[in-house]
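A quick write-up on the structure given underneath.
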Amino acid sequence: MAEHFRILGIESSCDDSAASVVEGRPGAARVLSSIVEGQASLHAAFGGVVPEIAARAHAERLDGCVMRALDAAELTLRDVDAVAVTAGPGLIGGVMSGVMLAKGLALGAGKPLLGVNHLAGHALTPRLTDGLTYPYLMLLVSGGHCQFLLVKGPDAFSRLGGTIDDAPGEAFDKTARLLGLPQPGGPSVETEAAKGDPRRFRLPRPLLGKSGCDMSFSGLKTALLRARDSICAESGGLTRQDRADLCAAFQAAVSDVLVEKSRRALATYLELQPSQPALAVAGGVAANAAIRTALERLCESASVRFVAPPLSLCTDNAAMIAYAGLEMFQAGGRADMSLTARPRWPLDASQTPMLGSGKKGAKA
Ligand code: KG4
Ligand code: ZN
């Protein structure tokens, strides 16, 4: 039986300062503590994450998060086997804050250091929460990421496709802004959509006719803007029902694209003949009940297990970094004091990088 380890994880790649302690072995670990300090109020006035403000806040808060995570786990730094930190991809100043702190802690306490890819943290989360066995399919859908990953091992990922422009969460947020709804846009658009008719406006399903698993969401937002403007030109403004119908049409379009592309990704995945086939989702958009139900139905029809980790572990957190570090540590991976922060760090180096960089940093 594999050894048990205790790993301290640190995450600071976007606008959440986080620290966590995870204990166990690959495929059978538990979260002893998970502290997440969001920065939403610091960035609210700017309509997006301001990298310099984020980096400063991480530098000020991360050590406190680490102390709280150790306290909550009733441990000291002496009791952990290694320090794992997000080394990219993300907003460079924030990632640097985390890497510098982790180096200091590792050096000071004489502990091994592990540099974790933030996307690997998301992708390995279903191993932490549900003990999934390799290989499984992962759909990452958040405000910053959107990709299908074949997860074959702790350091073996194939990207089957992803967004070529906006991430779906970003599109939900922009839609909310266009319709005067509060941020974050996902939950407010979902609430409005529940009162609307998804058939009144026909929005496009971008790239649906194209083969493969790549997706595009920025045209959808432009189509929504046109629909909004034409109602305003005709009637002088939007009624509550107009707004609800536009939200319902938008959500239906995103859901249709995610389901159809998931169907294609599943077909490729099932060619591997996995013994326990599973599709896992992660990211804030996975909180959307309509999208979740549609994906669940797809999995049911394909006899594939559908796994959606609890939201606190789907959105950015440090438990996923500690867990990915645990798998790395067990496999003998170690970083040293030359570890650097990487703004871009694709999980699947064989693929060309995805276009663009979201409001929350690089997408791949
Ligand atoms: O994973 P996350 O917390 O952060 C990163 O983007 O890394 O995801 C946040 C995104 C936001 O864009 C938010 O609007 C979206 O997830 N979101 C949702 C819902 N809840 C959050 N999108 C659709 N429906 C929701 N219920
Ligand atoms: Zn993330």
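What you see is a predicted model; the values in this text were computed from it and never measured. All ligand and atom numbering here is 1-based and tracks the order in the structure.
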I'd like to check which ligand 1 atoms, numbered from 1 as shown, lie under 4.0 Å from a non-hydrogen atom of [X].
| X | result |
| --- | --- |
| D316 | 7 (O) |
| G283 | 1 (O) |
| G143 | 5 (C), 6 (O), 8 (O), 9 (C), 10 (C), 12 (O) |
| G185 | 14 (O) |
| G144 | 6 (O) |

With a 4.0 Å cut-off on heavy atoms, is C14 touching ligand 1?
->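 For ligand 1, residue contact (heavy atoms, under 4.0 Å) with C14 is absent.
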Can you tell me the angle formed at the Zn ion (ligand 2) by NE2 of H118 and NE2 of H145, to 10°?
->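 Angle NE2(H118)-the Zn ion (ligand 2)-NE2(H145): 100°, rounded to 10°.
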Considering just N/O/S atoms, say which atom of D316 is closest to the Zn ion (ligand 2).
->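 So the atom name we want here is OD1.
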Check all N, O or S atoms of H122 and name the one closest to the Zn ion (ligand 2).
->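 In H122, the N, O or S atom with the shortest distance to the Zn ion (ligand 2) is NE2.
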Under-4.0 Å heavy-atom contact with ligand 1, by part of D173 that carries it |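 Side chain only; the backbone of D173 stays clear of ligand 1.
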Give yes or no for whether the N/O distance cutoff of 3.5 Å, strictly under, is met between G186 and ligand 1.
->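 Yes, there is a polar N/O contact under 3.5 Å.
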Is there any N or O on E190 that sits under 3.5 Å from an N or O of ligand 1?
->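 N/O-N/O distance below 3.5 Å exists for this pair.
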Taking the six-membered ring for Trp, are Y136 and Y134 parallel (under 30°), tilted (30 to 60°) or perpendicular (over 60°)?
->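 Parallel.
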Geometric class of the F5/F329 ring pair [parallel <30°, tilted 30-60°, perpendicular >60°] |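 Ring orientation, 0 to 90° scale: perpendicular.
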To the nearest 0.5 Å, how far apart are CD in Q39 and CD in E37?
->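 Going from CD on Q39 over to CD on E37, the span is 8.5 Å.
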Does a side-chain N-to-carboxylate-O contact under 4.0 Å join E3 and R25?
->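 Looking at R25 together with E3, the answer is no, because their closest N to O distance does not fall below 4.0 Å.
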Any donor-acceptor pair under 3.5 Å from D214 side chain to G212 backbone |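 No: the side chain of D214 does not pair with the backbone of G212.
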Decide yes or no for I7 and V21: does some side-chain heavy atom of the first lie under 4.5 Å from some side-chain heavy atom of the second?
->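 Counting from C-beta outward, I7 and V21 never come under 4.5 Å.
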Is there a side-chain contact between M328 and V116, using heavy atoms and a 4.5 Å cut-off?
->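 Contact flag for M328/V116 side chains = yes.
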If we ignore angles and hydrogens, is there a donor and acceptor under 3.5 Å between the side chains of N288 and Q251?
->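 Yes, a side-chain donor-acceptor pair sits under 3.5 Å.
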